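Sharing a structure, written as structure tokens. Questions coming.
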Amino acid sequence: MAKQKYRLETVLEIREKVKKEAVQFVALRRGQLAAEEEELERCHQAVQINLRKQREQQDSMFTEINRGTEVRHAIVFRTHLSDLRDIELDLRAKVVEQEKAVQKAEAELEKSLELLAEATKEVKVIEKHKETWRTNTKLEADRKEQKLNDEIGAILYTPKNKS
């Protein structure tokens, strides 16, 4: 007897392909999240560097003022500190913006993980159905074979008419 082909094999192949694509999509989203987190860390470091520059310039300004520097030099220091504070505000705004980008990347990763879970579930459903089909097909084949063997046995072992 010829081996039967599973009628939903094409569906199984399609769902496995969707699952594979979902795995690749999750990997892509994880990479994007890592890049966004890396950029956020760079933004935090830029703020810290700016704050350190501000402290250094402020300390330098106080040292110069204590030495009796001219007023015009103090004004230059003050202007420079003001510029550094403006840069700090820009950097902090960039940090907030980058935090939003990280949150968005996390949400997208979560969505892609949900899609992967759904694709995995769909593949398992078809695989379970295929396994049940295999079991039923084997049982049916075994039953038919047993019936055939019983018929052969009945024919071979029937008592012959003694006339």
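In this chain, residues are counted from 1 in sequence order. Only heavy atoms go into these numbers, but all of them, side chains included; no hydrogens, no water, no symmetry mates. Here the structure is a predicted model, which means the values were calculated and not measured.
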*Taking all non-hydrogen atoms of both residues, which atom of A46 and which atom of L91 are closest, and how far apart?*
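Shortest heavy-atom contact: O-CD1, 3.5 Å.
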*Can F77 and Q58 be said to form a side-chain contact (heavy atoms from CB on, under 4.5 Å), step by step?*
CA-CA 8 Å; F77 274 116; Q58 198 170 20; over 6 Å; no
*Partner of H44 under side-chain contact (heavy atoms from CB on, under 4.5 Å), chosen from E99, Q98, R92, E39*: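 Among the candidates, only E99 passes.
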*Close side-chain approach of T132 and H129, heavy atoms under 4.5 Å*: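 Side chain of T132 against side chain of H129, heavy atoms only: no contact under 4.5 Å found.
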*Are a donor atom and an acceptor atom from the side chains of Q32 and R29 found within less than 3.5 Å of each other?*
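Checked: Q32/R29 side chains pair up, N/O donor to acceptor below 3.5 Å.
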*Nearest-0.5 Å distance that lies between atom CZ in R15 and atom CG in L8*: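 One gets 8.5 Å once the value is rounded to the nearest 0.5 Å.
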*Give, for atom CG of D59 and atom CZ of R55, the distance between the pair rounded to the nearest 0.5 Å.*
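The CZ atom of R55 is 8.5 Å from CG of D59, to the nearest 0.5 Å.
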*asked:* I'd like to check E9 versus E13 (side-chain heavy atoms, cut-off strictly below 4.5 Å). Are they in contact?
replied: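 Touching, per the 4.5 Å side-chain cut-off.
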*If every non-hydrogen atom of W133 is compared with every non-hydrogen atom of Q4, which pair is closest and at what distance?*
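So the two residues come closest at CH2-O, 3.5 Å.
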_Using 0.5 Å steps for rounding, measure from the CD atom of E21 to the CG atom of L115._
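Those atoms lie 11.5 Å apart.
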_Side-chain heavy-atom pair Q57, R52 within 4.5 angstrom cut-off_ =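 Not in contact.
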*asked:* How long is the straight-line distance from CD of Q45 back to CG of L40, given to the nearest 0.5 Å?
replied: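 One gets 10.0 Å once the value is rounded to the nearest 0.5 Å.
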*So with a 6.0 Å cut-off around CZ of R78, is the heavy-atom count from everything else above 12?*
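Not more than 12 within 6.0 Å, no.
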*Do E38 and R42 pass the salt bridge (charged side-chain N to carboxylate O under 4.0 Å, His left out) test, and can you show the C-alpha distance, the side-chain angles, and the key distance before you say yes or no?*
CA-CA 6 Å; E38 208 174 282; R42 279 194 292 274; 3.3 Å; yes
_Step-by-step salt bridge (charged side-chain N to carboxylate O under 4.0 Å, His left out) determination, K128 to E131_ = CA-CA 5 Å; K128 178 70 176 161; E131 193 58 38; over 6 Å; no
*Just do the side-chain contact (heavy atoms from CB on, under 4.5 Å) check on E36 and K100 with the steps written out, would you?*
CA-CA 10 Å; E36 295 294 351; K100 288 178 184 175; over 6 Å; no
*Report yes or no: do V102 and L109 belong to one cluster of Ile/Leu/Val/Met/Phe/Trp/Tyr joined by side chain heavy-atom distances under 4.5 Å?*
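The answer is yes; both residues are in one hydrophobic cluster.
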*NZ of K53: more than 12 outside heavy atoms within 6.0 angstrom?*
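No, because the 6.0 Å sphere around NZ of K53 holds 12 heavy atoms or fewer from other groups.
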*Which atom of K130 lies closest to which atom of L12, heavy atoms considered*: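 Taking every non-hydrogen atom into account, CD-CD2, 4.0 Å.
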*Does L84 offer a backbone N or O that forms a donor-acceptor pair with the side chain of N50 under 3.5 Å?*
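Answer holds: yes.
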_With I152, the side-chain contact (heavy atoms from CB on, under 4.5 Å) member among I155, D150, L156_ =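 Of the listed residues I155, D150, L156, the side-chain contact (heavy atoms from CB on, under 4.5 Å) partner of I152 is L156.
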*Judged by atom type as modelled, is there a donor-acceptor pair below 3.5 Å linking the side chain of N66 to the main-chain atoms of F62?*
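Between the backbone of F62 and the side chain of N66 there is a qualifying donor-acceptor contact (under 3.5 Å).
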*Salt bridge check: are D142 and K138 linked by an N-O gap of less than 4.0 Å?*
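Salt bridge: yes.
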*Spacing of CD belonging to Q54 relative to CZ belonging to R85, to within rounding of 0.5 Å*: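 If I round to the nearest 0.5 Å, the distance is 5.5 Å.
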*Evaluate the criterion salt bridge (charged side-chain N to carboxylate O under 4.0 Å, His left out) for residue pair E16 and K19; output intermediate values, then yes/no.*
CA-CA 5 Å; E16 285 175 342; K19 180 183 172 187; over 6 Å; no
_Membership question, hydrophobic clusters at under 4.5 Å side-chain separation (ILVMFWY): are V123 and V11 in the same one?_
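Yes.
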*Kindly indicate whether the side chain of Y6, heavy atoms from C-beta on, has any atom under 4.5 Å from the side chain of I126.*
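Counting from C-beta outward, Y6 and I126 do come under 4.5 Å.
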*Going from CD1 on I49 to CD on E56, what distance comes out if it is rounded to the nearest 0.5 angstrom?*
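The CD1 atom of I49 sits 10.5 Å away from the CD atom of E56.
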*Closest non-hydrogen atom pair between C43 and V95, with its separation*: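 Taking every non-hydrogen atom into account, CB-CG2, 3.6 Å.
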_Do L33 and L28 sit in one hydrophobic cluster, given that two such residues count as connected whenever their side-chain heavy atoms are within less than 4.5 Å of each other, even indirectly?_
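They do not share one cluster, since no chain of ILVMFWY contacts under 4.5 Å joins L33 to L28.
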_Could you see if L148 belongs to whatever hydrophobic cluster contains Y157? Use Ile, Leu, Val, Met, Phe, Trp, Tyr and a side-chain cutoff under 4.5 Å._
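The answer is yes; both residues are in one hydrophobic cluster.
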*Salt bridge between R143 and E140, side-chain N to carboxylate O under 4.0 Å?*
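A salt bridge is present here (some side-chain N lies under 4.0 Å from a carboxylate O).
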